[in-house]
Engineer: 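Handing you a structure now.
The chain is numbered in sequence order, starting from 1.
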Amino acid sequence: MEPTQTFQKRALMDWVLHQSGSSDPVLQNIQVTSFPTTVHVELLKLGKIPDPFIGLHEWDVQWVGESDWKFQTVFSVTQDDLVASHTDLVFEGLDTFASVTLNGEEILKSVLFSALVYDHAKLVERSSNQFVEYRVPVKDGLKIGDNELIICFESAFLKGREIEKQHGKLNLWNGDSSRLHVRKAQYNYGWDWGESFSLSASLPSQTDCLRAGPVLMTVGPWKPVTLQSYDNRIVDLDIRSEVSELLGAKIAIDVTFAEKKRGFATLTLKGPDGAPIASSTAVPAESGHANVSFDFKPGELKLWYPVGYGEQPLYAVTVQLTDEHGKPVDTKTERTAFRRARIVQEKLVDQEGLTFLFEINNVRIFCGGSNWIPADSFLTTVTPRRYEDWLKLLVEGNQNMIRVWGGGIYEHDAFYDTCDELGILVWQDFMFGCGQYPAYESFVQSVREEAIQNVKRLRHHPSIVIFAGNNEDYQVAESLSLELDYSDETSDFRKTNFPARYIYERVLPEVVEAHSNIFYHRASPYSGHGKPTTDRTLGDIHQWNVWHGSQEPWHNWDILAGRFVSEFGMEGYPNIRTVDYWLGGDKTERYPQSRICNNHNKADGFERRLELYLMENFKHAFDMESYVYYTQVMQAETLASAYRLWRRNWRGPGREYTAGALVWQINDCWPVTSWAIVDYFLRPKPAYFTIARELKPWTVGMTRKEKQTFDDDKTVAFFKIETVLEIWGTNNTLEEKKAKLELTAFDLHSDWTESWAKDIVLAPNSSTELYQGDAPGLPVRTKKSEVPRSIILSARLLGDSGEVLGRYSNWPEPFKFIKFPPVAELGLKAIVSQDRETVTLETLKPIKGIVLDVDGEDVKWSDQAIDLVPGDPQAVRAVGLNGREIKIRFLGDGTA
């Protein structure tokens, strides 16, 4: 008997790029500098196209996405390479329509979905889905010596238009309508990065939809291409854990092999320290399967918790396949962890509807986090380190959940690995966004394979706690009055004008249930129970009536709350250094309304909306630095207010009226003005810091509201206006917290102050109401012409040793009415520590919205958008200050 061959894998790295059909020698025989890669990346590195992130050059490179391209390599094969019974070429990701030839023979075809006669066994013959891996047997096509492999990519944009002609146009928000027929990262077609529109408004015009970007249609082998040889191999490793309510665990491991050959499998579970804690040896493998299960009593396994609630111990399951003689054939290891994850939907006390909350290991979690879009327009440039830097920022900002949005990609393994390590909960969308997607048979079958592959790839990550079928597609259907009977739970839906419902309610839940234990949610947002997506008492909502929709004041977040707010946001300019980057040195364009700055904001109507919120709330200037500052402070105030008010709604068992808030969005894919709280270059905006303050373990919040009471029911001239102050605290730890609540009132225009303090107890894992009554310094008024005093209310929670657990300063709003004292009277000091990396801020008068900066390279600040009051100095870490002079901006600093 011939000895069994061990599984071998070789990456193919040496490639040459050509523009197909071009006679331009500049675009032929281009040596690829890295692999995997895409065309834009290579042309940029070699200086053959301008940087589309600078100026208006985005529009100078559109031809790249409308061209066909060819990647070519030659690799050597020896006799030893052909000894194994199988040799496959594996294409982990092709973007998007690709035909592949090996030594002149076509082995993988690019076909239209509509022309595809689907045969699961021959799926590898059809390359038309960016999210699918293709495996092609090639042993018979290889030869000893050099072998030529060519991948020809057709323009996904033109191919999509071709498919669209056969099936007709469908409706959407953002991008070209042909994207709905193409299984490719939808954001490549352009987006506004806010993607919601008011359901009461008409659907955006096609012109509006096309005004989204950046439009950068990538093309190329965006994941590795490998040559794999084997006699047998591990095809699938399925690890399912069930953690009981008592926190005991049962772990079932099922392994699938490529061949039904005599042999044995050893399945081993290793603990966080790498030591084996359970093992099953000599499991027969000739059936093509092997499975074992392990049972653990409560306490025998260390459970995985979200950040802030416990540790993140990671285990490893290793499968070794041997032949009948004990020789190793293949080995596969999957890292995983164990937790009891539930989405709880149960009745509430005092309010209609049901909760929509995440419970991990019997602990109910308030999910404060962010939405995530792809980290770059050019995905192959995103390294594991860059993913780690982004996700560390999330955790450093006290966030515990991230939502992978449905218009991008199923992220790189490194993304989810890092979430596992850091304790970040992941809400994972399937890749459908803002559209009326089709459901003809070939499209559905491609989607089914896409879902199977990605659910299998992702299911072992403890961080992933929910799969959602799409982003806002039900909202599109509602806005268009499509056939959408939410009470219909039995139909096929493919013959309706909302056929994708078949995908979201039949295909995807079947795949998720068959291949994982992860909760499936039909969409984001989705209410269920026969209600539309705008229902605020069920499921999750996208709350865009601040900015989009009815353009409510941000002060109305409390009445705009939902059970789980999975999107909301406010725009703000990025760091001034990022602005200067996209201007490319053109000083004539360095003003907010310039053509280049306009091109670097893709939201429809953004100038009007920015100015609406600025005008309503601030006196502001229009020079570049001032505009950056005011939009950033506005964004910071808006988002902090949302988290503050919605955490108040987390009121304990049976009163979890709002169980999560995920800001749109944490990141950008290019340098741009957007809703992101950290810009493309990982430079946090002030909003990042104000959100971090509102998600600390202990916080304090306040509202001041005017209550007008008329003397009787006949008069409108005689009344009284009282100012009612409400104060609450939050505690996300699992133990009650004793603290002191200290309230100090300051008059901005005199030396008057008033203060009081009281001992309080913050209930565990909930908010606690602390005070309701008169606001100090704000007496009853009887005339509208009687302008209230400019009273600043500063609340602090103090620990046993006097340490500040949380602070918040409540200012009269709108800020534009405040007459700020002259800067010279403020007594503001910025004291730099001896190690030159800490700045302590002190003041004699209250100051609003302090933002620190320096000339030159940016400093890594620990806080921004700071409200400062007398007697409460605040220390800010300033890594990289290096003795430079600190520039300080704040409201009323004389620049507006």
Side-chain angles (χ1 to χ4, degrees), residues 629 633 636-637 640 644 686 689-690 693-694 696 698-704 723 725 727 729 739-758 760 770-771 773-779 787-799 801-813 815 817-833 838-852 861-878 886-895:
Y629 171 78
V633 169
E637 288 290 315
R644 186 182 312 119
F689 299 101
T690 60
R693 295 201 292 266
E694 297 300 336
K696 292 177 68 175
W698 304 285
T699 71
V700 60
M702 286 186 282
T703 60
R704 69 171 89 185
T723 303
L725 177 65
I727 307 177
K740 177 178 289 186
L741 171 63
E742 178 188 87
L743 179 73
T744 305
F746 301 90
D747 186 337
L748 199 57
H749 300 293
S750 74
D751 294 330
W752 175 90
T753 66
E754 184 178 309
S755 65
W756 55 256
K758 70 173 183 173
I760 55 99
L770 301 177
Y771 174 83
D774 295 336
L778 293 170
V787 177
R789 297 166 67 191
S790 294
I791 300 297
I792 286 75
L793 301 169
S794 174
R796 300 196 301 174
L797 293 178
L798 303 178
S801 302
E803 72 276 17
V804 179
L805 304 176
R807 58 162 63 87
Y808 169 58
S809 291
N810 182 282
W811 285 63
E813 298 187 50
F815 305 123
F817 291 155
I818 298 175
K819 295 180 173 65
F820 292 98
V823 173
E825 295 179 7
L826 297 177
L828 176 60
K829 294 181 181 179
I831 304 167
V832 180
S833 63
T838 300
V839 180
T840 300
L841 300 172
E842 298 179 353
T843 185
L844 298 178
K845 290 278 189 181
I847 301 177
K848 178 73 183 175
I850 294 174
V851 173
L852 308 175
W861 307 98
S862 67
D863 206 357
Q864 292 281 29
I866 297 163
D867 292 350
L868 193 66
V869 298
D872 186 20
Q874 296 187 46
V876 180
R877 290 287 290 168
I886 298 171
K887 300 191 295 183
I888 305 177
R889 291 206 62 155
F890 47 88
L891 294 190
D893 64 2
T895 59

Engineer: With sequence neighbours excluded, tell me which residues meet salt bridge (Lys or Arg N to Asp or Glu O under 4.0 Å) with K887.
Structural biologist: D855
Engineer: Going by the rule ring pair (Phe, Tyr, Trp, His ring centres under 6.0 Å), which residues pair with F815 if we only count those two or more places apart in sequence or in a different chain?
Structural biologist: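 By the ring pair (Phe, Tyr, Trp, His ring centres under 6.0 Å) rule, F815 matches F618.
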Engineer: Can you list the residues that meet the side chain to side chain donor-acceptor pair (under 3.5 Å) rule with T699, with sequence neighbours excluded?
Structural biologist: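 If we apply the side chain to side chain donor-acceptor pair (under 3.5 Å) test to T699, skipping adjacent residues, the hits are T730.
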Engineer: In chain order, what residues pass the side-chain contact (heavy atoms from CB on, under 4.5 Å) check against P779, with sequence neighbours excluded?
Structural biologist: none
Engineer: Under the side chain to side chain donor-acceptor pair (under 3.5 Å) test, which residues partner W811, sequence neighbours left out?
Structural biologist: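 Result, side chain to side chain donor-acceptor pair (under 3.5 Å) vs W811: none returned.
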Engineer: Who pairs with K845 by salt bridge (Lys or Arg N to Asp or Glu O under 4.0 Å), at least two apart in sequence or on another chain?
Structural biologist: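 K845 satisfies salt bridge (Lys or Arg N to Asp or Glu O under 4.0 Å) with no other residue.
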Engineer: I'd like to check the side-chain contact (heavy atoms from CB on, under 4.5 Å) partners of A775; sequence neighbours left out, ordered by chain and number.
Structural biologist: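 Only T723, L725, L778, L793 meet the side-chain contact (heavy atoms from CB on, under 4.5 Å) criterion with A775.
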Engineer: Apply side chain to side chain donor-acceptor pair (under 3.5 Å) to R877 and list each qualifying residue two or more places apart in sequence or on a separate chain.
Structural biologist: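 R877 satisfies side chain to side chain donor-acceptor pair (under 3.5 Å) with E837, T838 once adjacent residues are dropped.
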Engineer: Quick one: side chains of residues 749-757, donor-acceptor pairs under 3.5 Å with protein atoms, not counting sequence neighbours, listed by atom name and distance.
Structural biologist:
| from | atom 1 | to | atom 2 | distance (Å) |
| --- | --- | --- | --- | --- |
| H749 | NE2 | K819 | O | 2.8 |
| S750 | OG | D747 | OD2 | 3.2 |
| S750 | OG | W752 | N | 3.1 |

Engineer: Mind checking what makes side-chain contact (heavy atoms from CB on, under 4.5 Å) contact with A878, not counting sequence neighbours?
Structural biologist: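 In terms of side-chain contact (heavy atoms from CB on, under 4.5 Å), with neighbours along the sequence ignored, A878 is linked to V839, V859, W861, L881.
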Engineer: Under the side chain to side chain donor-acceptor pair (under 3.5 Å) test, which residues partner R807, sequence neighbours left out?
Structural biologist: D872
Engineer: Just to verify, what does L844 make a side-chain contact (heavy atoms from CB on, under 4.5 Å) with, not counting sequence neighbours?
Structural biologist: none
